[in-house]
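Quick caveat, the model's predicted, so the values are computed rather than measured.
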Amino acid sequence: MTSPSRATRTFMDYGSISQAMDGICGLYERKLKELNPAIRDITYDVADLYNFIDGLADMSALVYDHSIQAYLPYDRQWIKQRTFQHLKKLAH
């Protein structure tokens, strides 16, 4: 699914930022299961997720802003902050 080649791209579309953060966590969890097929319950911490995000050749988000009717770009640092907030919310 992911490739280090800059000639390839994977685009995913989500209905909300929360769904997108779920999707990113899901990407990482699928990768963990692929790498550790014998382990049933895989756990990880946010630093592991950040390493995964940093290890991707490119990652950014385009978020639609209704007030200006345009997509605003966000970088991987923003994505890491939002995944952390998302996971914190899920933990409570």
Side-chain angles (χ1 to χ4, degrees):
M1 172 150 212
T2 61
S3 166
S5 170
R6 287 200 138 324
T8 65
R9 294 282 188 270
T10 300
F11 296 91
M12 289 168 268
D13 191 16
Y14 296 98
S16 70
I17 292 172
S18 178
Q19 289 172 351
M21 298 308 115
D22 268 343
I24 291 167
C25 292
L27 275 178
Y28 180 55
E29 290 164 9
R30 282 191 293 283
K31 186 72 173 173
L32 286 176
K33 286 177 184 166
E34 188 183 297
L35 295 171
N36 305 284
I39 301 174
R40 279 188 51 167
D41 295 319
I42 296 175
T43 59
Y44 61 91
D45 66 26
V46 77
D48 299 324
L49 179 61
Y50 287 176
N51 286 334
F52 170 73
I53 291 170
D54 286 337
L56 296 172
D58 184 29
M59 178 177 259
S60 58
L62 292 172
V63 179
Y64 190 73
D65 184 329
H66 291 279
S67 67
I68 60 169
Q69 297 188 352
Y71 287 90
L72 297 175
Y74 293 96
D75 63 6
R76 77 174 76 228
Q77 201 54 44
W78 180 88
I79 292 169
K80 291 192 304 192
Q81 290 168 347
R82 293 308 289 253
T83 54
F84 179 72
Q85 290 168 0
H86 181 71
L87 290 172
K88 224 165 67 170
K89 211 181 288 181
L90 291 178
H92 292 101

**OP:** Kindly state whether the ring of Phe84 and the ring of His86 have centres lying under 6.0 angstrom apart.
**Re:**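 Phe84 vs His86: aromatic centres not under 6.0 Å.
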Original post:
Same hydrophobic cluster for Ile79 and Leu72, using side-chain heavy-atom links shorter than 4.5 Å among ILVMFWY?
Top reply: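 Per the 4.5 Å side-chain linkage, Ile79 and Leu72 are co-clustered.
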Original post:
Is it true that Ile68 and Leu62 fall in one hydrophobic cluster, defined by side-chain heavy atoms closer than 4.5 Å?
Top reply: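 Different clusters.
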All N/O donor-acceptor pairs, side-chain side in residues 36-50, below 3.5 Å, sequence neighbours left out:
from, atom 1, to, atom 2, distance (Å)
Asn36, ND2, Leu32, O, 2.9
Tyr44, OH, Glu29, OE2, 2.6
Asp45, OD1, Ala47, N, 3.0
Asp45, OD1, Asp48, N, 3.1
Asp48, OD2, Asp45, N, 3.1
Tyr50, OH, Lys80, O, 3.2

Subject >> Donor-acceptor contact below 3.5 Å, side chain Gln19 vs main chain Gly15 >> reply: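 Checking the backbone N and O of Gly15 against the side chain of Gln19, a donor-acceptor pair under 3.5 Å is found.
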Let me confirm one number: the [atom1]-[atom2] distance from [X] to [Y], rounded to the nearest 0.5 Å.
| X | Y | atom1 | atom2 | result |
| --- | --- | --- | --- | --- |
| Tyr64 | Tyr71 | OH | OH | 7.0 Å |
| Lys89 | Ser18 | NZ | OG | 6.0 Å |
| Thr10 | Asp58 | OG1 | CG | 11.0 Å |
| Lys31 | Leu56 | NZ | CG | 9.0 Å |

Original post:
Applying salt bridge (Lys or Arg N to Asp or Glu O under 4.0 Å), which residue pairs with at least one partner in residues 65-79 are found, sequence neighbours left out?
Top reply: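 Sorted pair list comes back empty.
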Original post:
Do you know which two heavy atoms are closest between Leu87 and Cys25, and how far apart they sit?
Top reply: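 Here Leu87 and Cys25 meet closest at CD2-SG, 3.8 Å.
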Subject >> Any Gln85 side-chain heavy atom under 4.5 Å of Lys88 side chain >> reply: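 Gln85 vs Lys88: side chains apart.
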Original post:
With a 4.5 Å heavy-atom cut-off, do Ile53 and Tyr28 have their side chains touching?
Top reply: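 The answer is no; the side chains never approach within 4.5 Å.
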**OP:** Check ring pair (Phe, Tyr, Trp, His ring centres under 6.0 Å) between Tyr74 and all other residues, then give those that pass, not counting sequence neighbours.
**Re:**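 If we apply the ring pair (Phe, Tyr, Trp, His ring centres under 6.0 Å) test to Tyr74, skipping adjacent residues, the hits are Trp78.
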